[in-house]
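Structure first, then comments.
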Amino acid sequence: IVVLDKVHKSFGSLKVLDGVSFTVERGDVLVLIGRSGSGKSTALRCIDRFEKIDSGEIRVCDHRVDAADVDLRALRQDVGIVFQSYNLFPHLTIEQNITLAPVSVKGMKKPAARELAKAMLAKVGLSEKLDAYPEQLSGGQQQRAAIARSLAMQPKVMLFDEVTSALDPELTGEVLKVIERLAADGMTMVMVTHEMGFARGIADQVVFMHAGRVHEAGSASILSGPATPELAQFVGTGL
Ligand code: ATP
Ligand code: MG
């Protein structure tokens, strides 16, 4: 459902992705790990075409992401992305945040969209926050609302880029629980995280990036028995 094939991407003279390939099957969770600057976020952003790749191939569902004529609207309906922070529009209520895209992109009627917002918030355990503004929510609640907003577009794939790294430990848990439930419900996901314990529990596949390449990949067991010194060092330090 998600295929990267020999993806290359440079920013100026800086080679950030140097022939990255991986495949995510429907319903699977791929966890991307690696040192700061190894290209994890760039890889995610390429999947949603927030970055254009230099060469190689990216396919998501039936979208040929690297094609010049890719339908970005259709692609982004199928692929939701949640970042570390700044996910919600601060001047809109949680309901307005969630219903914005379904109403404007999908042409959904307001009352139906409100029901949808309620249903999505229930999924992430935030039913009572429909009319709140983002600043009235804790960081963990904001991230859960951001996930609810993505889910409202009924994506086929979800991308998560360090969604808990700005949060206190006690708020991290509630967000990870939501992601865990999504995975159990069969959502296909690609996730960048530094929560190794969580990665071990949820990953069908772990991809360790190093210097813009897939340095080591396999099941979650590579975290406990790394084959390369670079991954060993990475899991050893935990960062
Ligand atoms: P982190 O763990 O710190 O989030 P990362 O693995 O996500 O790191 P990327 O954000 O993909 O790393 O960045 C990889 C490299 O590309 C870094 O050296 C970064 O400075 C550079 N880079 C990323 N985005 C851009 C950009 N828009 N323009 C120029 N350089 C960029
Ligand atoms: Mg990053």
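Residue numbers count from 1 along this sequence. Just follow the structure's listing: the first ligand is 1, and inside any ligand the first atom is 1.
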Open item on the list: Check this for me: does any side-chain nitrogen of one of Glu95 and Arg114 sit under 4.0 Å from a carboxylate oxygen of the other?
Closed with: yes
Open item on the list: Check this for me: Arg181, atom CZ, are more than 12 non-hydrogen atoms of other residues, nucleotides or ligands nearer than 6.0 Å?
Closed with: yes
Open item on the list: Heavy-atom distances under 4.0 Å decide this one: backbone, side chain, both or neither, for Glu162 against ligand 1?
Closed with: side chain
- [ ] Answer yes if a protein heavy atom lies under 4.0 Å from atom 14 (C) of ligand 1, otherwise answer no.
- [x] yes
Open item on the list: Tell me whether Arg45 reaches ligand 1 (any heavy atom closer than 4.0 angstrom to a ligand atom).
Closed with: no
Open item on the list: Take a 6.0 Å sphere around CD of Glu135 and say whether it holds more than 12 heavy atoms from other residues, nucleotides or ligands.
Closed with: no
- [ ] Evaluate whether atom CZ of Arg213 has more than 12 neighbouring non-hydrogen atoms of other residues, nucleotides or ligands under 6.0 angstrom away.
- [x] no
TODO: List the closest protein heavy-atom neighbour of atom 24 (N) of ligand 1: residue, atom name, distance to the nearest 0.1 Å.
DONE: Phe11 CE1, 3.4 Å
TODO: Please report which non-hydrogen protein atom sits nearest to atom 3 (O) of ligand 1, along with the residue it belongs to and the distance in Å to one decimal place.
DONE: Ser36 OG, 2.6 Å
Task: Per-atom contacts, ligand 1 versus Ser38 - under 4.0 Å to a heavy atom - done: 6 (O), 12 (O)
Task: Gly39 neighbourhood, listing ligand 1 atoms whose heavy-atom distance to it stays under 4.0 Å - done: 5 (P), 6 (O), 11 (O), 12 (O), 14 (C)
Open item on the list: To check your reading of the model: name the closest protein heavy atom to atom 2 (O) of ligand 1, its residue, and the distance in Å.
Closed with: Lys40 NZ, 2.7 Å
Task: Within-4.5 Å side-chain heavy-atom neighbours: Val31 and Ile33 - done: yes
Task: For Arg35, atoms of ligand 1 separated by under 4.0 Å from a heavy atom - done: 6 (O)
Task: Distance under 6.0 Å and angle within 45° of ring axis: Arg35 vs Phe208 - done: no
Task: Which residue and heavy atom of the protein sit nearest atom 10 (O) of ligand 1, plus the separation - done: Ser41 CB, 3.5 Å
TODO: Check step by step if side-chain contact (heavy atoms from CB on, under 4.5 Å) holds for Ile47 and Val65.
DONE: CA-CA 7 Å; Ile47 295 174; Val65 181; 5.8 Å; no
- [ ] Would you mind telling me which of Met191, Met209, Gln205 makes a side chain to side chain contact (heavy atoms under 4.5 Å, CB included) with Leu32?
- [x] Met209
TODO: Kindly say whether Ile58 contributes a backbone atom to a donor-acceptor pair with the side chain of Asp66 at under 3.5 angstrom?
DONE: yes
Open item on the list: Quick check on Gly37 - does any of its heavy atoms sit under 4.0 Å from an atom of ligand 1?
Closed with: yes
- [ ] Look at atom 18 (O) of ligand 1 and say which protein heavy atom is nearest, naming residue and atom and giving the distance to 0.1 Å.
- [x] Leu14 CD2, 3.6 Å
Task: Other residues, nucleotides, ligands: >12 heavy atoms within 6.0 Å of Lys106 NZ - done: yes
Task: Val16, portion touching ligand 1 at heavy-atom distance under 4.0 Å - done: side chain
Open item on the list: Below 2.8 Å, can you find an N, O or S atom of Ser41 next to the Mg ion (ligand 2)?
Closed with: yes
Open item on the list: I need the nearest protein heavy-atom contact for atom 11 (O) of ligand 1: residue, atom name and distance, please.
Closed with: Thr42 OG1, 2.6 Å
Open item on the list: Does any N or O of ligand 1 fall below 3.5 Å from an N or O anywhere on Glu51, backbone included?
Closed with: no
